[in-house]
Every structure is written in structure tokens, then in C-alpha cells.
Protein chains: 2
Amino acid sequence: MYTIGQVSEMFDLPISTLRYYDKEGLFPELERKSGIRRFSDRELEALRLIECLKKSGLEIKDIKQFMIWAAEGPSSYSDRKALIEARKAVIEAELAKLKKALDMLKFKCWYYDTAIRDGNEDRLREMIPDKLPPDIQKLFDNAHA
Amino acid sequence: MYTIGQVSEMFDLPISTLRYYDKEGLFPELERKSGIRRFSDRELEALRLIECLKKSGLEIKDIKQFMIWAAEGPSSYSDRKALIEARKAVIEAELAKLKKALDMLKFKCWYYDTAIRDGNEDRLREMIPDKLPPDIQKLFDNAHA
DNA sequence: CCTTGACATAAAGTCAGGTTTAGGTATTAC
DNA sequence: GTAATACCTAAACCTGACTTTATGTCAAGG
């Protein structure tokens, strides 16, 4: 069992954030001893999942729904699975977008390297959009797809 | 040359957002014809980069600084390159975090598949944390690292 | 005893990034 | 000529996710 201060340290989250999550209903089974929160391994695992669901763009109120389902037991397995599956798809899509953004930034890095070497963008303007070196062309095409 | 409505369609962005970006100084060289904005290829490429920089978590006011540099010409190449390089590093870090979150969700998918098949979590509780099937163990370990 | 530190609450405040509203202009379609 | 569209501005408004503030409780150490 852990105090809010210990959990705050473990997860590198402000205490105020943990209290906010609790107030929003993200720990429906959280125990208290004379008013003081006592976080168990169940809450730590919940917190790990909360961070992943947040990364998937899920809102707090929808994370709360998940945690309520979890407190309800086996009857909600399929609801929980459906939600996780949906957020997995969102993250996969987000990963693809992020890779595209990364290719744009890699292209721009090469672009400015070249511009710095040349002192201007004249040569670059002649190579864009389809006369770039093969590896750079791939970055450019993906970033502009 | 494109009107704001055409750009809105091309990028699937609300007109209000494009006007907001303009008001925030993201298109310092945007032309107007009797008050009406005329977006050129320069602004379209800026917009593509804006979307990538936003994905990297860069704030509007810092994107504005970049666009001001771009309008200043070759003297700012190295400033621009440094900013792009820094945001590339941020995206690479974000990609790693997102993959970790994805592994957590993949693990939870398997978890609920199993719980649904078993009707309870008894067997799962015995396998966690280190007696999982090898491929699942990898997901679990990465998600809990 | 009294101060320090960790815990607690409710309610107000903050912030970025838009969005909406209210009111106006300019061109084209009938 | 007037109605529909597409454009314009300034300023108010909104939202989610915290964070801060003001106030209070409680246990341990000197």
C-alpha cells in the first residue's frame, strides 16, 4: 500500500493530479484509512493504463467509464476489450501520422543542411519536387502524400 | 493562388483555424487582394510544416518565430535547422512513448481475450508478472518498463 | 506544547488553441 | 434589384486538464 506522495514520486506526477484523477472517479475502488488515500497495486496498474489511454487521446470521463466497468467484474470484459481495441486503432493511426511528420522534419533537416552548404535555396528549388536524391525523395514523397 | 475556402478544403481545416493562424502571424508573407487572403504554394508548404511542428508539440508562438525566420531569408538557415532538429528529437521520443503505450494496449487486448475465454481472471493472475506466453511477455515487459 | 510535514477539501484560476458571434463588404446568379 | 455566397474583422466565448489557493486535520519529533 502506498500514500499519495509515494505514488506521486513513483509516477512522477504531481499530487494534485492524482487527487484530480480520484475526484474524477478514475479510482472507484480506492481505499481510505481515516480520510487518507491508500493506493494498492490495483490503482498502480490502473494508473499505468490511464497514462496509455490518455496517450490515445481518450478523455478523462471516458477513462472513468472504463474504471467503473473494471470495478463491475467479469460482466464488463467485452465492453472493456472493445474500448481497448478502439484505442489501439487510434494509437496505430497516430503512430503513422507521427512517422509522416518525422519524415517531413528529416527532409527539412536535409533541406537546411543543403541550403547552409549552398548559401541559398536555388539548387533546392530545382530538385523539388521530383529530382531529389533517392533517400531524400522518399522522405519528401511520404511527407507530402 | 488559392482562397481561404479552397485551402480549408485541401487541408480539411476550418476556415476559422486558418484565420486564427494568420492572426497569430504564421503566414508573415501572405498576400491580400482588396482585403482577401491569397494563399500561394509558399503558404501551403508552410501549412504542411505547421501541422508537423504542431504534432511535435511546438506552440503557435514558436511556430510563428520559425515563419518569421523563414521570411528573413538565408541569414536564419541555421536557426531554422536547429529548431527543426530539436523538434525531430521530440517526435522520436514521442514515437517511443507511443509504441510503449501501444504495447500496453496490445497486452490488454490479449488479457481480455483470455479473460473472456476463461470467464474470469484467475489463470491470468497466476501468469502475471513473469509466466506469460513469450510474445505476450515481451509486450507486458515493455509496457511496464 | 508546539512546530513541522504530509495529508485532506472545495472552489477558483489558468492556459492553449481554437470557435462562435455579431456585424459588415463584394461578387455572382437569377 | 435582390438574394445567395464567400469573404472580412474584433471580440467574446468555450473546453479539457490540470493547478493554485485558502483552509483545516493529524501524527511524530524536539
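Letters go in sequence order (proteins before strands), and every chain restarts at 1.
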*asked:* Any residue in residues 83-91 of chain A with a heavy atom nearer than 4.0 angstrom to DNA chain C? Just list them by number, or reply none.
replied: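 Within this stretch, nothing sits under 4.0 Å of the strand.
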
Contacts table for residues 58-69 of chain B: side-chain donor-acceptor under 3.5 angstrom, sequence neighbours left out:
residue	atom	partner	partner atom	Å
B/E59	OE1	B/K61	NZ	2.6

*Listed partners of B/R123 passing side-chain hydrogen bond (donor to acceptor under 3.5 Å, both in side chains), at least two apart*: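 side-chain hydrogen bond (donor to acceptor under 3.5 Å, both in side chains) check on B/R123 returns B/D118.
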
*For DNA chain C, note the earliest and the latest nucleotide, 5' to 3', having some atom under 4.0 Å of a heavy atom belonging to chain B.*
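It runs C/dG17 to C/dT20.
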
*Contacts to DNA chain D from residues 43-67 of chain B, heavy-atom cutoff under 4.0 Å, which residues?*
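Contacting residues: none.
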
_Sub-4.0 Å heavy-atom contacts from residues 10-18 of chain A onto DNA chain D, ordered by number_ =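 Close to the strand are A/P14, A/S16, A/T17.
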
How long is the span from the [atom1] atom in [X] to the [atom2] atom in [Y], to the nearest 0.5 Å?
{"X": "A/D113", "Y": "B/K81", "atom1": "CG", "atom2": "NZ", "result": "3.5 Å"}
{"X": "A/E43", "Y": "A/I4", "atom1": "CD", "atom2": "CD1", "result": "11.5 Å"}
{"X": "B/L139", "Y": "B/L132", "atom1": "CG", "atom2": "CG", "result": "9.5 Å"}
{"X": "B/L53", "Y": "A/M104", "atom1": "CG", "atom2": "CE", "result": "8.5 Å"}

_A/K108 vs B/L49 side-chain heavy atoms within contact, under 4.5 Å_ =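 In short, these two side chains touch, coming nearer than 4.5 Å.
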
*Shortest non-hydrogen contact from B/I128 toward B/Y111*: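 B/I128 and B/Y111 have their closest heavy atoms at CD1-CE1, 3.7 Å.
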
For residues 13-27 of chain A, run the donor-acceptor check on the side chains, cut-off 3.5 Å, and write out each pair with its distance to 0.1 Å, sequence neighbours left out.
residue	atom	partner	partner atom	Å
A/D22	OD2	A/R32	NH2	3.1
A/D22	OD2	A/R37	NE	2.7
A/D22	OD2	A/R37	NH2	3.4

*Just jot down the salt bridge (Lys or Arg N to Asp or Glu O under 4.0 Å) partners of B/D122, sequence neighbours excluded, or say none.*
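Testing B/D122 for salt bridge (Lys or Arg N to Asp or Glu O under 4.0 Å), a comparison that skips the adjacent residues, returns B/R125.
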
If you restrict it to nitrogen or oxygen atoms, what contacts under 3.5 Å exist between nucleotides 9-13 of chain D and the protein, and what is each distance?
residue	atom	partner	partner atom	Å
D/dT9	OP1	B/R32	NH1	3.0
D/dT9	OP1	B/R32	NH2	2.9
D/dT9	OP2	B/R37	NH1	3.2
D/dT9	OP2	B/R37	NH2	2.8

_Applying a 4.0 Å non-hydrogen cut-off, can you work out what A/T3 is touching in the nucleic acid: base, sugar-phosphate, or nothing?_
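A/T3: backbone/sugar contact only, no base atoms under 4.0 Å.
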
*Start with the C-alpha distance between B/M10 and B/Y2, add both sets of side-chain angles, then the distance that settles side-chain contact (heavy atoms from CB on, under 4.5 Å), and finish with yes or no.*
CA-CA 10 Å; B/M10 283 189 277; B/Y2 310 90; 3.5 Å; yes

Donor-acceptor pairs under 3.5 angstrom involving side-chain atoms of residues 87-97 of chain B: please list them, not counting sequence neighbours.
residue	atom	partner	partner atom	Å
B/R87	NE	B/S56	OG	2.9
B/R87	NH2	B/S56	O	2.6
B/E94	OE2	A/K55	NZ	3.1

*Among residues two or more places apart or on two chains, list those pairs meeting side-chain hydrogen bond (donor to acceptor under 3.5 Å, both in side chains) that have a residue in residues 136-145 of chain A.*
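Sorted pair list: A/D103-A/N142, A/Q137-A/D141, A/H144-B/E45.
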
*asked:* Using 30° and 60° as the class boundaries, would you call the ring planes of B/Y112 and A/Y77 parallel, tilted or perpendicular?
replied: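 Judged by the thresholds at 30° and 60°, the geometry between B/Y112 and A/Y77 is tilted.
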
*Residues in side chain to side chain contact (heavy atoms under 4.5 Å, CB included) contact with A/A71, at least two apart in sequence or another chain*: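 Applying side chain to side chain contact (heavy atoms under 4.5 Å, CB included) to A/A71 gives A/P28, A/E29.
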
*In whole angstroms, how far is the P atom of D/dG16 from the OH atom of A/Y20?*
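In whole Å, D/dG16 P and A/Y20 OH are 9 Å from each other.
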
*asked:* Rounding to an integer number of Å, can you tell me how far A/I36 CD1 sits from D/dC26 P?
replied: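 Those two atoms, CD1 and P, are 9 Å apart.
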
